[in-house]
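In each ligand, atom 1 is the first atom listed, and ligand 1 is the first ligand listed. Atoms considered below: every heavy atom in the structure, side chains included; atoms not considered: hydrogens, waters and symmetry mates.
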Amino acid sequence: MIYADNAATTKTSPLAQKVMLDAMERFWGNPSSLHTPGQQAREALQSAREAVAKAIGAQPREIYFTSGGSEADNQAIASAAKVGAKRGKKHLITTAIEHHAVLHTVEELKKDGFEVTLIPVDESGIVKVSDVAAAIREDTALVSVMFANNEIGTIQPVAEIGALCREKGVPFHTDAVQAAGHLPIDVNAQNIDMLSLSGHKFHGPRGVGALYVRRGAPLLTLIHGGAQESGRRAGTENLPAILGMAAALEDAVAHMEENGAHAARLRDALIDGLSRIPHAALNGSREHRLPGNVNFCFEGIEGESLLLLLDDKGIAASSGSACTSGSLDPSHVLLAIGRPHEVAHGSLRLSLDRENTMEDVEYIIKAATEVVNYLRDMSPVWKALQRGERDYVIQ
Ligand SMILES: *Cc1c(COP(=O)(O)O)cnc(C)c1O
């Protein structure tokens, strides 16, 4: 099987697995206990906090471990919103292409009287800094713009947006779940106040993540109970997962350049190969793009059937986001870049990384071309397009 769905999750690396097994053997104590096994666990926890902080240029005390990217996003946004509301600030800014962990959280806050501005993106899937500037108001409690998009891989101008927010005195959060371990992150140089990351997007384990919160930035507790994580996130720490994530992140950062160059080479070859299919179009900017992300629309076919036939040929891919597949709604990200519904349904995301090879790419190009042709041969829509009874959306 060729695994080309690394944006949905990555395989836990042998290194992370080893660290986790070792943690279960050695650090089974409760980090809050005063005895020796507890203190050994506490030291291990602190070393993981230091490693995660170092990977993004933060201080260890600014790192809060969570159950993953979704929880980190929820906590960051709910905290900034509630702290803002105490000062009469009930306006939130985010973008039309965020992950649902962000979009559904701001949607929920609307019920509590918050007003939300969703910044649109241009057809390349990039947020304009000037649009964020125009949206900021006296009563803006938070700006949240993702670092890199999980569907179309576009990289946002976070440092510039961060600088703008700093100047205006508005807290700035970024969902960096797709970026951490893949793109250079420095929370100081990039003016980031809050940042979410998740272990399973860089070959660490699932169900663990981290929220970075700059000292002085708003942070409230969502999960109440014990005093773990400086009282901001109760619950006995999932130490094996935390250590596995920290090791995977350190490893990803140490090999970022070579892994990124490798994935980008494969990505570019795959984009070139799929571009040869007629009436196919790349979604999202070609330059400001995650190293491993390829996302195409093919006119006249359904993404679901494409995926199933590719799976049959031994290729694991995705249509849009793992969270939206299973629903019949087309991806909000593809709609946001201006793809019409009928074309947004025919999308394919292939996310490659360090484990993929050029042979994988050649096979994917061959298989995808065959499958697209096969589906088009059976598609009434395609036949209508060919007879000139409908107009092509993708030229
Ligand atoms: C995967 C993902 C999340 C959710 O992270 P989990 O750890 O699975 O909760 C949030 N945002 C983005 C951009 C993601 O890709």
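By the 30° and 60° cut-offs, the orientation of the rings of H279 relative to Y392 is parallel.
Side-chain atoms of H91 and T117 include a donor-acceptor pair closer than 3.5 Å. Under 3.5 Å, the side chains of T9 and H200 contain a donor-acceptor pair of N or O atoms.
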For ligand 1, list all ligand N or O to protein N or O distances below 3.5 Å, rounded to 0.1 Å.
unit_1, atom_1, unit_2, atom_2, d
ligand 1, 7 (O), G69, N, 2.8
ligand 1, 7 (O), S198, OG, 2.6
ligand 1, 8 (O), H200, NE2, 2.9
ligand 1, 9 (O), G69, N, 3.4
ligand 1, 9 (O), S70, N, 2.9
ligand 1, 9 (O), S70, OG, 2.7
ligand 1, 11 (N), D175, OD1, 3.4
ligand 1, 11 (N), D175, OD2, 2.7
ligand 1, 15 (O), Q178, NE2, 2.7
ligand 1, 15 (O), K201, NZ, 2.7

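Separating the CG atom in N373 from the CZ atom in R376 is a distance of 7.0 Å, to the nearest 0.5 Å.
With N293 contributing its side chain and L290 its backbone, the two residues share no donor-acceptor pair below 3.5 Å.
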With a 3.5 Å cut-off and sequence neighbours excluded, list the donor-acceptor pairs that the side chains of residues 33-41 form with protein atoms.
unit_1, atom_1, unit_2, atom_2, d
S33, OG, N30, O, 3.4
H35, ND1, G38, N, 3.2
Q39, NE2, S33, O, 2.7

